[in-house]
Chemist: 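Mind having a look at this structure? Questions to follow.
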Amino acid sequence: MTITSLKSALQRIAQLEQENEQLRAELEVYKNRNTGGRKKHDEAWMTSYRDFAVKYESGMTIMEIAAQGEISRRTAYRYKAYYDEVQKNNRNKKRNEQVLSGINPTR
């Protein structure tokens with residue numbers, strides 16, 4: 001659509017605003033729908049993971065943690081993988097901050 005006058009520009013703006021409003025309404029429907037299934041990191045998951053992290057950081061092995069019976073061995077290994085990923089991201093973030101501040105991270 002070629003806009004040749006102020007009137008056609010204002011009409012096009014009105015059309016686009018109406019279209020945006022419709023899209024916003026559609027987006028709200030998708031935001032508010034129930035996707036079902038387990039929520040990946042809900043509060044119960046985070047509480048259980050934090051308990052695992054405290055025990056793991058205190059020196060307990062995964063088998064010792066699982067033997068306590070609060071979580072399964074498979075869950076403990078999942079938490080360990082997540083823990084490793086978080087630690088890796090934290091190290092990378094710290095290294096990036098050091099580089100940006102002018103500190104050589106290899107020292």
Side-chain angles (χ1 to χ4, degrees):
M1 173 178 192
T2 305
I3 298 174
T4 56
S5 68
L6 179 59
K7 183 178 179 181
S8 63
L10 293 174
Q11 288 174 343
R12 181 66 179 145
I13 290 171
Q15 289 173 346
L16 291 173
E17 286 175 347
Q18 183 179 12
E19 184 179 333
N20 280 340
E21 195 58 41
Q22 290 170 346
L23 290 172
R24 281 190 196 101
E26 185 178 343
L27 181 61
E28 282 302 313
V29 169
Y30 285 112
K31 280 183 180 178
N32 295 328
R33 74 180 181 163
N34 182 4
T35 57
R38 182 180 68 84
K39 305 298 183 249
K40 181 153 176 100
H41 293 148
D42 62 3
E43 191 58 38
W45 187 96
M46 288 304 294
T47 301
S48 178
Y49 169 75
R50 283 188 209 111
D51 291 343
F52 165 83
V54 167
K55 292 173 185 176
Y56 186 74
E57 288 174 348
S58 71
M60 291 179 72
T61 66
I62 289 178
M63 295 306 292
E64 291 170 338
I65 295 169
Q68 289 182 342
E70 294 175 12
I71 59 173
S72 69
R73 188 176 65 185
R74 179 67 188 124
T75 299
Y77 278 105
R78 285 187 183 124
Y79 287 172
K80 170 73 167 69
Y82 183 76
Y83 177 86
D84 290 343
E85 190 67 28
V86 168
Q87 295 302 313
K88 178 181 162 189
N89 288 341
N90 288 343
R91 283 192 303 270
N92 288 341
K93 184 178 178 182
K94 185 176 179 181
R95 188 175 303 126
N96 290 340
E97 288 171 356
Q98 288 175 342
V99 168
L100 291 174
S101 67
I103 299 172
N104 187 350
T106 58
R107 287 188 193 165

Chemist: Under a 4.5 Å side-chain heavy-atom rule over Ile, Leu, Val, Met, Phe, Trp and Tyr, are Leu16 and Leu27 clustered together?
Modeler: no

Chemist: Taking side chain as C-beta onward, heavy atoms only, is Glu26 less than 4.5 Å from Val29?
Modeler: no

Chemist: Would you say that Asn89 contacts Glu85 through its side chain, given a criterion of any heavy-atom pair below 4.5 Å between the two side chains?
Modeler: yes

Chemist: Shortest non-hydrogen contact from Ser8 to Ile3?
Modeler: OG-CG2, 3.4 Å

Chemist: Hey, any chance Met63 and Ile71 share a hydrophobic cluster, counting ILVMFWY side chains that come within less than 4.5 Å of each other, even indirectly?
Modeler: yes

Chemist: Apply side chain to side chain contact (heavy atoms under 4.5 Å, CB included) to the pair Asn90 and Lys94, showing each step before the final yes or no.
Modeler: CA-CA 6 Å; Asn90 288 343; Lys94 185 176 179 181; over 6 Å; no

Chemist: Under a 4.5 Å cut-off applied to non-hydrogen side-chain atoms, are Asp84 and Lys88 in contact?
Modeler: no

Chemist: Could you go through the salt bridge (charged side-chain N to carboxylate O under 4.0 Å, His left out) check for Glu21 and Arg24 one step at a time?
Modeler: CA-CA 5 Å; Glu21 195 58 41; Arg24 281 190 196 101; 3.5 Å; yes

Chemist: As a quick check of understanding, evaluate salt bridge (charged side-chain N to carboxylate O under 4.0 Å, His left out) for Glu43 and Arg50, giving each step before the final call.
Modeler: CA-CA 10 Å; Glu43 191 58 38; Arg50 283 188 209 111; 3.8 Å; yes

Chemist: To check you understand the geometry: which heavy-atom pair defines the closest contact between Tyr56 and Ile65, and what is its length?
Modeler: N-CD1, 3.8 Å

Chemist: Quick one, Glu70 and Phe52 - any side-chain contact, counting heavy atoms below 4.5 Å?
Modeler: no

Chemist: How far does CD of Gln11 sit from CG of Leu6, to the nearest 0.5 angstrom?
Modeler: 10.0 Å

Chemist: Looking only at non-hydrogen atoms, find the nearest pair between Ser48 and Tyr79 and report the distance.
Modeler: OG-OH, 2.9 Å

Chemist: Indicate the ring-plane relationship of Tyr83 and Tyr49, choosing parallel, tilted or perpendicular according to the 30° and 60° boundaries.
Modeler: tilted

